[in-house]
There are 2 protein chains.
Amino acid sequence: MGVMEDGTLASARHTDVADPAPGGRDTTSCEIRDLLDRLADKWSLLVIELLGTGTHRFTELHREIDEISQRMLTLTLRHLERDGLVTRTVHPVVPPRVDYTLTDLGRSLLVAIEGLVWWTRAHRDEIAAARSGYDARRESSA
Amino acid sequence: MGVMEDGTLASARHTDVADPAPGGRDTTSCEIRDLLDRLADKWSLLVIELLGTGTHRFTELHREIDEISQRMLTLTLRHLERDGLVTRTVHPVVPPRVDYTLTDLGRSLLVAIEGLVWWTRAHRDEIAAARSGYDARRESSA
DNA sequence: CGGCATCCTAAGGGATACTG
DNA sequence: CAGTATCCCTTAGGATGCCG
């Protein structure tokens, strides 16, 4: 979100001046919205996680994710670059070589993300169980 | 994303048996995908965060988010319920009263999420700066 | 190699109306 | 009150082709 199809970048489409009722809770909502708008797309976290390993060039990332389309990889990287999470370095050689690295900011985010990854890993089974339980209950009342 | 329009629930549409090259990294990718598929939609995190405060009934949640449509709130709650993150309690009274609460699993997730919220809060300014910097650079080369 | 630009579809999600 | 059902539009994002 933020990167437009035409290549321009939306600065602030959904009014940043929201929060008509300034209460602690509303502020948090706003922060979460920001967060989601930044990372809740299909690929950002994946790319960040990969770059956590170190510098990668475009094609490497593309190979390592490979379900991603070239277009979306580009878009995602631009997005992350804009937010100051990754650095894009173009080497003036032929054939061109472009490296992507996490910035300090990006690395700090990675730490927070790892928490969630850890959680997922730890509770994967519980979730699977909850799901099949739910589905079973639904099916029986069909 | 899991919840279909017709009310049924997709059990496993994007093949869960992926990971053709079993390496530590691919597994992580898979976990992140799971994670994203679960809460990277527009509202889940927001609802979880709200329920972190305690039990809420449907209308309360609707009022507190209020940009959300009734439809999406329902869908989101069903989704979270299915994953075992929230409990839905129907009180047999008229007018009906339905309470939503975080399960233990949900609360444990909340902790992980808070880490991200904290990160967002802490780095909000840096991101804003990075953005305007990026946009400015773009504009100057127009 | 590392991209844009274009086209096009499928999914997400809002608005509205109806119901127990 | 707490939903469901329907309609419809907007967006994400895949496929493909061209370019420095």
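Chain naming here is simple, since letters A, B, ... match the order of the sequence lines and numbering starts at 1 in each.
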Enquirer: Which of these passes side-chain contact (heavy atoms from CB on, under 4.5 Å) with B:Leu36: A:Thr120, A:Leu45, A:Leu116?
Expert: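 The single option meeting the side-chain contact (heavy atoms from CB on, under 4.5 Å) with B:Leu36 is A:Leu45.
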
Enquirer: Give a yes/no answer on whether the side chain of A:Lys42 brings an N or O atom under 4.0 Å of OP1 or OP2 in C:dA11.
Expert: no

Enquirer: Side chains of A:Asp41 and A:Ser44: donor-acceptor distance under 3.5 Å anywhere?
Expert: yes

Enquirer: Could you state the CG-P distance from B:Leu73 to C:dA15, rounded to the nearest angstrom?
Expert: 14 Å

Enquirer: Only Watson-Crick and G-U wobble pairs, only distances under 3.5 Å, only runs of 3 or more: what stems does that leave for DNA chain D?
Expert: C:2-20 with D:1-19

Enquirer: For DNA chain D, what residues of residues 86-98 of chain B have any heavy atom nearer than 4.0 Å?
Expert: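 Only B:Arg88, B:Pro95, B:Pro96, B:Arg97, B:Val98 qualify.
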
Enquirer: Calculate the interatomic distance between B:Glu60 atom CD and D:dG3 atom C1'; express it in whole Å.
Expert: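 So the two atoms are 16 Å apart, to the nearest Å.
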
Enquirer: Does a nitrogen or oxygen in the side chain of B:Arg78 sit under 4.0 Å from OP1 or OP2 of D:dT4?
Expert: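 Yes.
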
Enquirer: Rounded to whole Å, how long is the line connecting atom CG of B:Leu77 with atom P of D:dC1?
Expert: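 Taking CG of B:Leu77 and P of D:dC1, I get 16 Å after rounding.
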
Enquirer: Which salt bridge (Lys or Arg N to Asp or Glu O under 4.0 Å) pairs, counting each pair once, include a residue from residues 106-119 of chain B, with sequence neighbours left out?
Expert: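 Only B:Asp104-B:Arg107 qualify under salt bridge (Lys or Arg N to Asp or Glu O under 4.0 Å).
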
Enquirer: Who are the ring-ring contact (aromatic ring centres under 6.0 Å, His included) partners of A:His56, not counting sequence neighbours?
Expert: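 ring-ring contact (aromatic ring centres under 6.0 Å, His included) check on A:His56 returns nothing, list empty.
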
Enquirer: Tell me: CG of A:Leu61 to P of C:dC1, nearest whole Å?
Expert: 14 Å

Enquirer: According to side-chain contact (heavy atoms from CB on, under 4.5 Å), who are the partners of A:Ala130, at least two apart in sequence or on a separate chain?
Expert: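 In terms of side-chain contact (heavy atoms from CB on, under 4.5 Å), with neighbours along the sequence ignored, A:Ala130 is linked to no residue.
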
Enquirer: Mind checking what makes salt bridge (Lys or Arg N to Asp or Glu O under 4.0 Å) contact with B:Asp66, not counting sequence neighbours?
Expert: none

Enquirer: In whole Å, I'd like the distance from the CD atom of A:Gln70 to the P atom of C:dC4.
Expert: 10 Å

Enquirer: Looking at residues at least two apart in the chain, or sitting in another chain, which of them share a side-chain contact (heavy atoms from CB on, under 4.5 Å) with A:Thr89?
Expert: A:Thr87, A:His91, A:Asp99

Enquirer: Between C1' on C:dA5 and CZ on A:Arg71, what's the gap in Å once rounded to a whole number?
Expert: 9 Å

Enquirer: Please list, chain by chain and in numerical order, all residues satisfying side-chain contact (heavy atoms from CB on, under 4.5 Å) with B:Arg124, sequence neighbours excluded.
Expert: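 Partners of B:Arg124 under the side-chain contact (heavy atoms from CB on, under 4.5 Å) test: A:Glu31, A:Asp34.
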
Enquirer: How close or far is atom P of C:dG14 from atom CD1 of B:Ile68, stated in whole angstroms?
Expert: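 From B:Ile68 CD1 to C:dG14 P: 7 Å.
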
Enquirer: Can you tell which of D:dG13, C:dC4, C:dG13 lies closest to the side chain of B:Met72?
Expert: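 From the listed options, C:dG13 comes nearest.
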
Enquirer: Does a side-chain N or O of B:Tyr100 approach OP1 or OP2 of D:dC1 to a distance below 4.0 Å, or not?
Expert: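 No, because none of the side-chain N or O atoms of B:Tyr100 sits under 4.0 Å from OP1 or OP2 of D:dC1.
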
Enquirer: Between atom CG in B:Leu75 and atom P in C:dA11, what is the gap in whole Å?
Expert: 15 Å

Enquirer: Please identify each residue that fulfils side-chain contact (heavy atoms from CB on, under 4.5 Å) with B:Val98, with sequence neighbours left out.
Expert: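 So B:Val98 forms a side-chain contact (heavy atoms from CB on, under 4.5 Å) with B:Arg88, B:Val90, B:Tyr100.
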
